[in-house]
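Read the structure below first, then the notes.
Not measured: the values here are computed from a predicted model. Keep in mind that the numbers below use all heavy atoms, side chains included, and drop hydrogens, waters and symmetry copies.
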Amino acid sequence: MQLFAQQLVNGLTLGSVYALVALGYTMVYGVLRLINFAHGELFMLGAYLTLSATTVLGLGSASALGGAPAAGGGNVWQGAVLFLVIVAIGVAVAVAAVGLALERIAYRPLRHSTRLAPVVSALGASVFLQNAVMLIYGPRYQVLPEGLLPAWSAPVFGIEITLLQFVILGISVALMVGLYLFVQRTALGMAIRATALDHEAARLMGIKVDRVIQWVFVLGPALGAVAGLLIGLYYRQINFTMGWTYGLRAFTAAILGGIGNIPGAMVGGLLLGLLEAMGSGYISVAWKDAITFFVLILILIVRPTGLLGERVAEKL
Amino acid sequence: MRHAWLWVAAAGVAWALFPVVVRNAYWIDVANFYGIYALLALSLNLIVGEAGLFNLGHAAFYAVGAYTTAILNTRFEIPTLVLLPVSFAVAAAAGAILTRPILHLRGDYLAMVTIGFGEIVRIALTNNLFGLTGGPNGIFGIDRPVLGSFTIRQPAHYFHLIWVIVAATIWITLRLQRSRIGRAWNYIREDEVAAQAMGIDPVRVKLLAFVLGAGLAGVAGSLYAARMTVIAPERFNFWESVVIFSMVVLGGPGSIPGVMLGAFAMWVLPELFREFAQARMLVFGAAMVAMMVFRPEGLWPSALWLRAARAYREVGPAPEATSSTAQANSPIEGMAAPGPQTRGSAHG
């Protein structure tokens, strides 16, 4: 029972991060029918920029922004909150800029070519970003400073849930709900949905399709960057190849939920996290990715467009 | 036509003299691995280029071939050359068994599942499946190929073994392109519904592409095992599949000279720049983007593919490419009837 509860929390924590990354894949796919294989690298960039930000700001303990460590809890908490808000926004903005550049350079010229060309262009961009980070930061694992958040944990059902896990879950869920409301309730959100439905029709209705696509390349990478920050805080060790591994898992999550579908990406992410945690808790850590892919294939055999994906080919 | 064959024959003879002229073992080996990659690219071309099926897990079949040769050779001492056709058969069977249940999946979903297969195979090999694969260290001590009483040892001898097989594969691919099967593949690629209406069974045709493509990748794996005498699972990772996929798309899907050129660009060119080891891959990534941006149809596209790509650019995607609905091409219809199951899906 305790193992189950522990793996449940671990799974939800990881899964919410996967969901954040999966949103980037699914939104780009929704409007462009493009698998953005470089999205994992944007996530990785988020983690590395967090590392740089903490170094530049001289952070190393939770109190750095809020005053002396012993000066009472209040300051420590203030520091943590400030850190999360300032660094997260900075990193998200920087990565969004890279996302925009990526769209402009590697994807926009290929918008009307066959569907294979943009895939290779995306893979090339991914190789480029990976090696750029490797050249700048070096090929070895980098470690984020300790104590960026206060070491606090709460007992729930016989297990300890750390502040970090609360923060990861809280921020991810808040961002997901925020994005959902944004896409459902705002004019820009409606423009995104319209563009996803039909570029030409959207253009005829006065929607600036290029602008909408740019916004998608701002929102997705920004969410991915925050996910990179959260994973960096969670594991503290980061590497320039982490974009491949996490990107692949998040992309799996997007497919699992039905790619192009925003709630699908969220459900897929959480499910994938749970699957992985239960797989490594009850079966084997070495096989956990294989188990995940196996379940994905089974689901796709039964439901060819993912769990929440709409039925394609109904008319055919 | 006769002149074309003369040119091809002349090029073949010139290439056969490569190891005699270039006496550098390193560069002969670069040419050997170019041959293995050309074989892989030609085999994936049957699946991606001819039949238009997204396969991003081709390294799995490459691995099946390599491990078939390695296991049967080290355990039962079957000569590696005998294992060449055996590896073809085992990899082809793997292709049939793995892809049969998923052939109804469309475009990107198929890509995802093939990525999944690739990873499952790699993880299974790393975890020493049935105690046969040797775990992360792989298998070593694979015999070198033996022809009669002559053992192939030097890179120059491997060169001829590998390139004879590449030449045979090119010939087979050429024959296939002009056969009923080849044309059925192209119909399926261009418009699955129309092909079906003409009496083509899409599942059978797609399965055949996967069986042949996987089998040829198995031969490449077998050659790789024979050349290296050591194999390890990490060699057959997702990146390897990406490289093979890029060779086909960069070169020109469905075009044999294009695919050969793609394999050259992705394998030999980076070798030429080895001295810039650090920044090499950075430039490589940028070059992949640039090549696609400036030549989205590939370096040397086939006439058929070029025509399809041009049509795609002018008229827009074929209905199947984006979704099921036929009104995708017409803005007026698309606006009149964007029913709940039409295109797109970013809505909640």
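Looking only at heavy-atom pairs under 4.5 Å with chain A, the residue among R295(B), R122(B), E119(B), M291(B) that has the most is E119(B). Between chain B and the options V120(A), T114(A), I301(A), heavy-atom pairs under 4.5 Å are most frequent for V120(A). Of the listed residues (T252(A), D289(A), I105(A)), the greatest number of heavy-atom pairs within a distance under 4.5 Å of chain B belongs to T252(A). Per-residue counts of heavy-atom pairs under 4.5 Å with chain B were compared for T292(A), V119(A), T195(A), L296(A); the largest is that of V119(A). Interface remark: of the candidates V113(B), N127(B), L105(B), I123(B), N127(B) forms the most heavy-atom pairs closer than 4.5 Å to chain A. Chain A forms more heavy-atom pairs under 4.5 Å with one residue of I115(B), V48(B), L250(B) than with any other, namely I115(B). Contact count against chain A (heavy-atom pairs under 4.5 Å) is highest for L282(B) among V289(B), L282(B), L110(B).
A donor-acceptor contact closer than 3.5 angstrom links the side chains of E240(B) and Y37(B). With no hydrogens or angles considered, a side-chain donor-acceptor pair links Y18(A) and E276(A) at under 3.5 Å. At a cut-off of 3.5 Å, with distance as the only test, a side-chain donor of D108(B) or Y29(A) sits close to an acceptor on the other residue.
In this structure, the portion of L56(B) lying under 4.5 Å from any heavy atom of chain A is its side chain and not its backbone. Heavy atoms of L300(A) lying under 4.5 Å from chain B belong to its backbone as well as its side chain. Heavy atoms of L123(A) lying under 4.5 Å from chain B belong to its backbone as well as its side chain. Interface residue L110(A): only side-chain heavy atoms are found under 4.5 Å from chain B. Interface remark: A124(B) contributes backbone and side-chain atoms alike to the contact with chain A (heavy atom separation under 4.5 Å). Only the side chain of I102(B) comes within contact range of chain A, with heavy atoms under 4.5 Å apart. When heavy atoms are compared at a cutoff of 4.5 Å, W244(A) approaches chain B solely by way of its side chain, counted from C-beta outward. Contacts of I255(A) with chain B are made by both backbone and side-chain atoms, with heavy-atom separations under 4.5 Å. Contacts of L98(B) with chain A are absent, with no heavy-atom separation under 4.5 Å from either backbone or side chain.
Under a 3.5 Å cut-off, the side chain of T245(A) and the backbone N or O of M242(A) do form a donor-acceptor pair. Judged by distance alone, the side chain of H104(B) and the main-chain N or O of P101(B) form a donor-acceptor pair under 3.5 Å.
Annotation: ring-ring contact (aromatic ring centres under 6.0 Å, His included) contacts of Y137(A) (sequence neighbours excluded): Y48(A).
Here Y107(A) and F217(A) bring their ring centres to under 6.0 angstrom of each other.
Using the six-membered ring where Trp is involved, F37(A) and F238(B) have ring planes that are tilted, between 30° and 60° apart. Using the six-membered ring where Trp is involved, Y25(A) and F251(A) have ring planes that are tilted, between 30° and 60° apart.
Taking a 6.0 Å sphere around CH2 of W239(B), one finds it holds more than 12 heavy atoms contributed by other residues, nucleotides or ligands.
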